[in-house]
J.: 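Okay, here's the structure, questions in a sec.
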Amino acid sequence: METNLPDVLEVLYQDEHYVAVNKPAGLLVHRSRIARDADRFALQMVRDQVGQWVYPVHRLDRPTSGVLLFGLSSEAARHLGLALAERTVRKTYLAVVRGHPGPRGRVVRPLKEPRDEPVDDAEPDDRQSRPAVTLYRRLAAVELPVAVSRYPTSRYALVALRPRTGRRHQLRRHMKHIAHPIIGDRKYGDPRHNQFFELQLGCRRMLLHARRLAFRHPYTGAPVTIEAGLDDGFATVLERLGWGPLPC
């Protein structure tokens, strides 16, 4: 899964307290016992690039690309971590999904922490559901004259997603819940449509990208907006679907 990862990460923002990079799809934020195949991690790469310890402010799933923010001290990371908990940090993602969701919508569905490894069905499940809210906006849509499933045509949409809470795999699970799974999602997506994008469009990644992160700087009070461009693979898919330049 680490094929073609860069040796150096693109720095999107840096000051005396924070540094943000454009994380490529396939790169883990830090070491994980469930991904023993990985030998490169964003945390160590950023640490080596800036020449000091860094502290994650938030996480991105391994297959998700985009804005990833670190504090240059544990205190700086904690300040923005509190802002995230208080929902004063605005995060915007781009995703390609199956189907045509409405122009705008809200998904309100509590989520349990997902399990990383299979467990016996007879084992008691003591995980607690926590509130989770996602806002979405449809940016573009297309209908292709291709029968990927039982229908004679296949519909896809580009959506902007704004999580109002920060549950693990929230966007992926919420989009699946409303029957518009994210393309390329091997855990929550539709294998038939994933395969179509891989074979016909050359897309071998999950089409979820952390496009923008906006917050008020904890130390200066100034508004900060950090944006991450799309990688060539994601951008090529949008072009081939006729969506051209990003509409947001």
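Every heavy atom of this structure was used, including side-chain atoms; hydrogens, water molecules and symmetry mates were not.
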J.: Taking atom CZ of Arg59 as the centre, does the number of heavy atoms from other residues, nucleotides or ligands within less than 6.0 Å exceed 12?
T.: yes

J.: What are the two closest heavy atoms between Ile182 and Asn194, and how far apart are they?
T.: O-OD1, 4.2 Å

J.: Side-chain heavy atoms nearer than 4.5 Å, only ILVMFWY residues, links allowed to pass through others: does that put Val46 and Val29 together?
T.: yes

J.: So, Tyr219 versus His17, ring centres under 6.0 angstrom or not?
T.: yes

J.: Run the side chain to side chain donor-acceptor pair (under 3.5 Å) test against Thr165 and tell me which residues pass, sequence neighbours left out.
T.: Gln170

J.: Any donor and acceptor pair, going by atom type alone, linking the side chain of Arg62 with main-chain N or O of Gly26 inside 3.5 Å?
T.: yes

J.: Strictly by salt bridge (Lys or Arg N to Asp or Glu O under 4.0 Å), give each pair with a member in residues 146-167 just once, sequence neighbours left out.
T.: Glu143-Arg155

J.: Near Arg106 CZ, under 6.0 Å, is it more than 12 heavy atoms from other residues, nucleotides or ligands?
T.: no

J.: Test Arg205 against Ser65 for side-chain hydrogen bond (donor to acceptor under 3.5 Å, both in side chains), laying out the working first.
T.: CA-CA 10 Å; Arg205 58 155 295 178; Ser65 58; 3.0 Å; yes

J.: Less than 6.0 Å separating the ring centroids of His100 and Tyr156?
T.: no

J.: Please check if the number of heavy atoms outside Glu113 that lie under 6.0 Å from its CD is greater than 12.
T.: yes

J.: Determine the sole option in Arg109, His177, His174 for which the side-chain hydrogen bond (donor to acceptor under 3.5 Å, both in side chains) test with Thr134 is passed.
T.: His174

J.: Is the distance from the ring center of Tyr93 to that of His209 below 6.0 Å?
T.: no

J.: Measure across Gln49 and Val11 and return the closest heavy-atom pair with its distance rounded to 0.1 Å.
T.: NE2-CG2, 3.9 Å

J.: Should we count CZ of Arg130 as having more than 12 external heavy atoms under 6.0 Å?
T.: no

J.: Taking only residues at least two apart or on different chains, which pairs with a member in residues 85-102 satisfy salt bridge (Lys or Arg N to Asp or Glu O under 4.0 Å)?
T.: Arg98-Asp190

J.: Verify, without hydrogens or angle tests, whether Arg216 (side chain) and Gly221 (backbone) share a donor-acceptor contact under 3.5 angstrom.
T.: yes

J.: Before accepting this row, confirm whether a basic side-chain N of the pair Arg168/Asp61 lies closer than 4.0 Å to the acidic partner's carboxylate O.
T.: no

